Amino acid sequence: MRKRLSCVLPLLLTLFVASAAEAQNRFVTGRVFNTATQEGAPGAIVSMVGGTAAAQADDEGRFRITLPSTDVTLLVRSIGYRRAEVRVSAAQEAVEIGLTRDVQKLDEVIVTGAATTQTRQNASVAVSTVGGEELNRVPAVSLDNALQGKVVGANINMNSGAPGGGGQIQIRGVTSVLGSGEPLYVIDGVIISNSAFSTGINAVSRASGAVATSVQDNPVNRLADINPNDIENIQVLKSAAATAIYGSKATNGVVLITTKRGRQGAPRFNVTQRFGTYDAQRLLGSRRFNATTLGTLSSDSSLISQCNPDCPYFDYQEDLFGQNSLSFETVGTVSGGSENTRYFISATNKFDGGTQLNSNDRRQSLRMNIDQGFSPKWTASVSATLSRSKTNRGLSNNDNTFISPFYAFGYSPAVIDLNRRDATGAFTVNPFLESNPFQNLTFLKNTEDVWRQVASGTVKYTPLATERHQIQLSVIGGYDRFDADGQVFSPGFLQFEPEDGLPGTAVQANAVSRQFNGSLNAVHIFTPTQGFLGFLSSATTSAGLQVEERDLNRYTVIARGLVPGIELINQGQVTPAQNRSAVREQAFFVNEEVLAFNERLSLAGRIRGERNSVQGDREKYFYWPAGSASYRFVNPFPYADEIKLRAAIGTSGNQARFADRDTTLTGLGILSDRQAVGAPVTLGNPNIKPEKMTEQEYGVDMTFAKQRVGLEFSYFDRTITDLLLNAPLAPTAGFTQQVINGGELKTDGIEVALNVNPVRTRDFNWNMRTQYYKVESFVESLPVDPFVVANSGFGAQYGRGRIAQGFKSTMIWGNRTLEDGTVVDTALFDSAPDFTMQFGNDFSYKSLTLNVLFDWRKGGYLSNMTQNLFDEGANSYDYDEASPDTSIGATLGEYRYNNWNAGNNAGEYLEDGSFVKLREVTLSYQLPQRFVNAIPGGARDLRLTLSGRNLAIWSDYWSLDPEVNNFGNQNVVRFVDLAPYPPTRSFFFSVDVGF
Amino acid sequence: MIKHKFTRTLTAGALTLLAAGCSSDRLIVPDYQNPTSGQISSDPLSAIQFLATGILRQDRDIIGGYISGTGILGRESYNYTPTEGRNHSGWVQTVNSKSFGGVALWAGPYVNLRNIFTFVQVVEGASDATLSAAQKSAALGFAHTYEAWMLLYIINTRNEIGAVVEVQSDPRAISPFVSRDSVFNHIIGRLDQAYAELGTGGTAFPFAFDAGFTAPLAGATGTSFTSVANFRRVNRALAARVNAYRASLGIAGCGAPRSATCYATALTNLSQSFLSTTPADITSLGVFRPFSTAANEVQNPLRSGVAAIVAHFKVDSGVQSNGATRDLRFTRKITAFAGRNAAAPTIGVRTTFDHLQFTGAAAALPVLRNEELILLRAEAKWFTGDKAGAIADLDLVRTVSGGLAPYGAAGIAFTETQFIDALLYERRFSLFFEGHRWIDLRRFGRLSQLPLDLASHQIVTNLPVPQAECLIRGGDVPNNGCN
């Protein structure tokens with residue numbers, strides 16, 4: 001404790017240094033308005049250039065500001081408008097300020113450091129932002145879901161259609177094999193956890209053996225706890241030049257989430273009520289049998305005798321996945337504030353019904369954001385949220401006990417009604433295998449209950465503010481804490497349960513995560529107005545210290561052989577497990593941003609020095625430098641408003657994993673009541689260091705025809721060295737592997753965003769956005785033999801990822817039979833898409849708006865093991881169609897299975913996952929004021945919205961949906977389709993009322 | 001004034017930055033899961049207990065897979081996992097360095113050689129005050145017996161490919177492959193060394209054994225193998241097995257296959273082992289590996305009723321009867337299969353038999369039983385010329401364990417082939433599903449007697465060397481071991 005104080009105290013002291021004398025004051029009132037409509041611009045921020053005075057416009061755009069009694073310049077900013085500066089003379093008492101729409105988002109505020117921002121126009125790196133309105137048009141199961149199709153330079157994929165979400169954001173390709181593959185998520189300055197924890201269902205499914213938890217358990221990554229309704233905007237930092245200040249956690253990009261805050265004015269109360277439903281986007285059905293075909297699978301005469309000659313058919317999938325239960329969401333917000341105190345409070349209650357029997361998700365969250373000004377020099381703000389996510393996750397994915405419905409359906413000809421209970425309530429016994437999915441889902445419990453608190457606070461002090469110099473000191477700190485309570489209960493009477501001789505299984509799987517980060521920041525803004533530095537528009541220097549702590553404690557207990565009727569773990573044979581980790585980090589950083597030549601030239605340089613507890617030498621600082629530059633050519637030729645050329649180079653890292661550095665023995669468990677200790681599988685490495693990425697980025701941003709056309713183009717080229725790798729050791733040496741640094745990955749790609757505003761009249765506006773993203777990742781050099789990527793697939797028979805020098809890291813490797821009959825393990829297809837494109841169209845006509853978003857993925861192969869299951873069970877829906885080669889198989893299904901040849905020809909079940917999805921459609925109508933006024937209680941506005949997500953898919957893919965992964969979030973590749981929870985489409989009707 | 005304050009502020013800020021990073025003490029976080037060797041060795045006596053339990057635990061974790069794997073190869077069992085056909089096909093259909101069978105039964109024993117290496121280091125490094133010379137000697141005798149045992153598991157499955165016998169301190173050092181004969185001779189050398197060490201090892205080990213060595217698991221008569229003297233008899237029992245293998249295979253130094261030299265040594269070994277002809281001891285006395293349902297323990301992976309492991313569908317071929325009832329060993333160990341044959345599509349074969357041998361999650365698995373010792377003695381006696389003694393031992397097992405009629409004088413008149421037939425029959429049912437059948441048929445050159453379930457199946461003489469080992473050696477493994 002004393003040690004921490006010793007590093008915090010000096011900076012705290014600096015906060016109390018100096019206090020400038022107050023000048024004489026006067027009041028100025030004014031109004032900010034939209035020059036096109038003459039309507040007021042609510043929420044506009046009015047601030048004095050070279051001073052601390054600031055005010056916020058109310059709902060009519062009116063403001064009142066305290067200014068010194070001299071000539072001053074006011075800067076006016078409002079989201080969605082270009083900023084404006086006006087001169088206010090010493091004698092002036094009122095001012096009118098007109099703003100124009102910022103179609104190309106040039107004046108959007110971009111976060112560049114812990115305490116610094118700049119406008120998008122001056123940014124010298126590529127930045128993607130998504131506004132709250134764009135994010136929340138269509139209800140989503142989770143934040144990753146809401147972001148799909150909206151960020152150029154990121155591949156965002158959901159893992160399944162299960163309620164509660166679960167999805168992955170991969171920014172700019174593959175950056176690591178063993179390190180983290182997840183972006184860093186920062187919400188209001190707090191670094192939050194996006195870990196995913198299994199409920200413990202593996203103890204029942206045994207997908208990964210008899211242990212409690214597995215990556216195959218379709219867990220929810222905890223980004224899902226963030227309530228999209230609270231989000232003001234999301235900024236995605238992709239370039240290493242921008243993320244360098246996050247050091248060794250930044251190779252995968254940084255997602256900065258800013259929540260809504262109150263603004264000055266009367267309290268505003270807003271209620272949104274949504275109703276809707278989820279529906280399986282596509283179900284497969286299964287083979288129709290007749291007496292002959294069934295006879296080859298079963299010798300059960302009671303089954304065959306009911307075929308005449310066609311056997312009855314029961315639509316298992318529709319019965320199990322056709323729940324269409326009512327989903328709803330209620331969001332209430334209150335916001336407002338006085339000149340010194342502003343608040344935003346929101347509460348959400350949400351229920352998503354799953355398509356699978358007895359699966360659903362409930363979310364509740366409460367947020368409070370408060371900003372308090374004490375004096376023009378001192379301000380403080382607090383953000384706090386409490387959320388709860390309770391998910392009944394259902395059953396899906398790989399399994400070895402047939403509890404995963406699609407797995408069981410694959411081998412169960414649908415000729416007997418499994419969804420029937422006899423007079424005693426007992427379900428039909430599945431004659432084909434020891435499991436009845438309807439029984440399982442009626443009685444089996446697989447839930448996760450997460451309570452989470454995220455809170456942050458900022459204290460800002462401005463000791464000096466003159467026209468030339470401004471100094472800000474701030475302390476920013478926050479924590480993220482949650483406990484995830486996973487519970488599984490499988491009663492002993494289920495048909496699959498007696499298999500292990502211990503009927504009844506219960507699992508209690510808990511994870512407690514605690515993260516803290518805090519920083520001390522000093523910012524100096526220098527604005528020379530004349531003199532030899534007069535060419536400088538501004539120079540912003542910031543520096544700071546940061547500390548971070550991340551603690552995770554996971555413990556699971558499996559109990560088998562339960563007393564009937566009891567679902568507690570203390571009444572069975574128990575297997576406990578615990579996993580704890582802690583990471584500590586210390587860093588300092590310096591950040592310099594210079595604008596010169598009338599803000600045409602923008603230069604930025606930054607460096608972070610960091611050391612942490614997971615690197616081999618804990619005393620050593622690693623440095624992450626970056627630099628970027630851009631130049632704007634204003635009106636370079638007719639119709640061109642502006643052309644900006646930019647270039648950036650930066651470095652960032654990826655930390656070693658907990659205990660990679662430690663060479664230890666390991667506990668082997670118990671034998672006859674004694675603890676056993678022996679050699680570990682993986683040998684640690686006391687010299688381990690972070691992975692290092694160096695990225696170059698070049699881009700051009702252009703606007704034409706008075707901002708009607710905007711084009712952004714970026715090319716990036718990333719080199720990742722010092723990769724964390726498992727160097728295999730000879731098994732005869734008694735170890736499997738050792739962690740080392742080495743090798744090189746290369747990733748390059750392009751991002752294009754075209755924004756066109758073809759029609760812009762007073763009544764009608766049409767905005768069109770097209771995005772294109774292509775990325776390729778290669779293994780440039782590898783100091784170890786080619787190796788299989790963990791959790792990438794099920795062996796050479798089905799295809800899996802492999803890291804091999806000279807190949808793309810995203811290739812699917814598997815068996816191929818050569819002409820001479822030999823079987824080779826070779827690179828077959830690429831799991832990464834050739835490119836992705838999005839087309840968004842936003843129309844507004846008077847009070848009507850229509851938004852349509854299409855998402856196109858071209859290429860990207862999957863291992864279609866769901867198809868393999870159905871073919872192996874001779875039960876696929878197209879099994880009896882004509883065979884392309886009857887010498888291999890008599891029917892289509894038999895042909896595929898035989899041609900696969902027990903995995904000697906893995907390509908048979910690798911399939912192109914190209915698709916076009918109608919991601920989002922929203923039709924919204926703002927009711928005329930006279931109707932609204934009739935609503936009792938003094939409503940201000942009322943909006944009705946019809947919306948839908950994933951309404952249509954165009955794809956030749958055979959199975960449910962190409963956008964799934966059995967292994968959840970993965971660093972390198974994600975392409976295994978194995979009995980997933982079917983992806984969904986959703987339909988919602990919403991009412992928004994503002995008071 | 002303002003300028004002055006500005007300078008002061010800047011200076012304070014700069015000083016703070018210089019003090020950046022605070023104390024690195026904050027960065028010291030231990031590995032919560034795993035002990036360091038330093039933490040372990042602070043008390044050598046307790047370290048020796050932890051590491052000895054580690055050796056025994058690793059050994060215990062090998063045995064289930066060893067019995068079921070060699071059981072598949074010797075057509076005693078199926079792995080019937082319905083969702084993973086490769087658990088079976090990887091052993092009998094497509095067998096190579098990458099198949100489920102090819103990668104199995106290799107790393108486990110070598111991990112244990114590393115554990116033994118660490119154990120020996122701690123024992124040798126302990127001061128005389130902590131560990132007396134006798135205690136050290138006993139501990140080393142234990143370690144070297146186990147080293148031999150681990151290598152026997154390896155060479156039993158890799159056979160003519162040979163194996164690696166040396167563990168080096170540097171985990172990156174690659175030890176050479178040596179021939180099958182060298183491995184066998186290394187094993188017997190280690191066993192003899194251990195025998196000598198145990199001879200000077202006093203009475204008690206400086207650590208406790210697991211329940212597999214203590215009564216009642218170790219035998220109905222209550223023999224416990226945890227004293228140095230009794231563990232020495234386990235060492236000799238193992239040496240008898242190894243010498244019988246060496247003799248039947250004609251390992252260098254033993255003469256032609258089935259010649260008397262090493263069989264004679266085996267007889268000496270047996271006389272120093274725990275062999276007992278007391279009828280009550282015949283089937284129950286021996287060394288077992290214990291399982292348990294307790295937390296962080298392992299449950300018997302081969303227990304009856306567990307879906308995956310079932311008996312081979314021709315397991316009843318050639319089973320003898322005494323005229324009224326079938327061989328008691330058959331009825332004791334095998335029952336009808338009650339499952340739903342869900343795996344039939346994956347494996348292509350349906351079985352009608354299941355194992356009955358290991359009931360319950362806490363049932364122990366046998367690794368070295370008295371019944372085997374008597375049969376080893378029968379074998380050794382026959383090939384050293386004592387045919388009457390050999391048949392007497394065979395008959396003892398036949399009548400007591402199998403309830404069958406003795407061969408008597410007819411047996412003494414057997415030709416060598418007839419004797420081997422008779423011996424292999426007794427071994428097949430006495431040691432059924434204990435990891436012997438495949439190895440016995442191979443050492444008597446009779447693998448071709450194994451049935452093929454499907455035309456696509458094959459009889460495997462030895463498992464290949466796993467891919468992980470091959471890759472690190474650039475495929476440089478003798479005798480086409482990487483195929």
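Everything numeric in this text was worked out from a predicted model, so none of it was measured. Residue numbering restarts at 1 for every chain, and letters A, B, ... go by the order of the sequence lines.
Residue contact with chain A, scored on non-hydrogen atoms closer than 4.5 Å, involves the backbone and the side chain of B:A468 alike. Using a 4.5 Å cut-off between heavy atoms, A:L729 touches chain B through backbone and side chain atoms alike. Both the backbone and the side chain of A:N579 come within contact range of chain B, with heavy atoms under 4.5 Å apart. At a 4.5 Å heavy-atom cutoff, B:I154 makes no contact with chain A through either its backbone or its side chain. Heavy atoms of B:R57 lying under 4.5 Å from chain A belong to its backbone as well as its side chain. Neither the backbone nor the side chain of A:T736 has a heavy atom closer than 4.5 Å to any heavy atom of chain B. Of the two parts of A:D785, only the side chain, counted from C-beta on, holds a non-hydrogen atom closer than 4.5 Å to a non-hydrogen atom of chain B. Residue contact with chain A, scored on non-hydrogen atoms closer than 4.5 Å, involves the backbone of B:P30 exclusively. Both the backbone and the side chain of B:E469 have a heavy atom closer than 4.5 Å to some heavy atom of chain A.
Scanning both residues, A:G667 and B:P35, for their nearest heavy atoms gives N-CD, 4.2 Å. Of all the heavy atoms in B:A211 and A:S672, the pair that sits closest is N-OG, 2.9 Å.
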### Message
Using the rule given for side chain to side chain donor-acceptor pair (under 3.5 Å), can you reason through B:Q299 versus A:Q573, listing the C-alpha separation, both sets of side-chain angles and the distance that settles it, and then say yes or no?
### Response
CA-CA 11 Å; B:Q299 303 185 2; A:Q573 295 177 3; 3.2 Å; yes
### Message
For a side-chain contact (heavy atoms from CB on, under 4.5 Å) check, start with the C-alpha distance between B:T36 and A:L665, then their side-chain angles and the critical distance, and finish with the verdict.
### Response
CA-CA 6 Å; B:T36 62; A:L665 296 166; over 6 Å; no
#### Entry: Full working for side-chain contact (heavy atoms from CB on, under 4.5 Å) between B:D31 and A:F658
CA-CA 8 Å; B:D31 181 345; A:F658 179 72; 4.2 Å; yes
### Task
Please test B:K98 against A:D825 for side-chain contact (heavy atoms from CB on, under 4.5 Å), starting from the C-alpha separation and ending with a verdict.
CA-CA 10 Å; B:K98 288 173 282 186; A:D825 183 358; 4.2 Å; yes
### Task
Please lay out, stage by stage, how A:R580 and B:Q33 fare under the test side chain to side chain donor-acceptor pair (under 3.5 Å).
CA-CA 7 Å; A:R580 251 175 84 192; B:Q33 327 296 339; over 6 Å; no
### Task
Assess whether side-chain contact (heavy atoms from CB on, under 4.5 Å) is satisfied between A:V677 and B:I40, documenting all intermediate values.
CA-CA 9 Å; A:V677 173; B:I40 285 281; 4.0 Å; yes
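Tested against B:L27 for a side chain to side chain contact (heavy atoms under 4.5 Å, CB included), the candidates A:Q586, A:E585, A:Q615 yield a single pass: A:Q586. A side chain to side chain donor-acceptor pair (under 3.5 Å) with B:N34 holds for exactly one of A:T663, A:T666, A:D662; it is A:T666. Partner B:S24 forms a side chain to side chain donor-acceptor pair (under 3.5 Å) with one of A:E619, A:R618, A:K620 and no other, that one being A:E619.
A:L668 places a side-chain heavy atom less than 4.5 Å from the side chain of B:N115. Looking at heavy atoms from C-beta onward, B:P171 lies in side-chain contact with A:F735 at the 4.5 angstrom threshold. Counting heavy atoms from C-beta outward, B:P290 and A:L671 have side chains that approach closer than 4.5 Å. Taking the side chain as every heavy atom from C-beta outward, B:R26 and A:E549 approach each other to under 4.5 Å.
Remark: the B:R114 side chain and the A:T732 side chain contain no N/O donor-acceptor pair separated by less than 3.5 Å. Between the side chains of B:R172 and A:Q738, a donor-acceptor pair is found at a separation under 3.5 Å.
A donor-acceptor contact shorter than 3.5 Å is absent between the side chain of A:Q675 and the backbone of B:F50.
Taking OH of A:Y798 as the start and CZ of B:R86 as the end, the distance is 5.5 Å to the nearest 0.5 Å.
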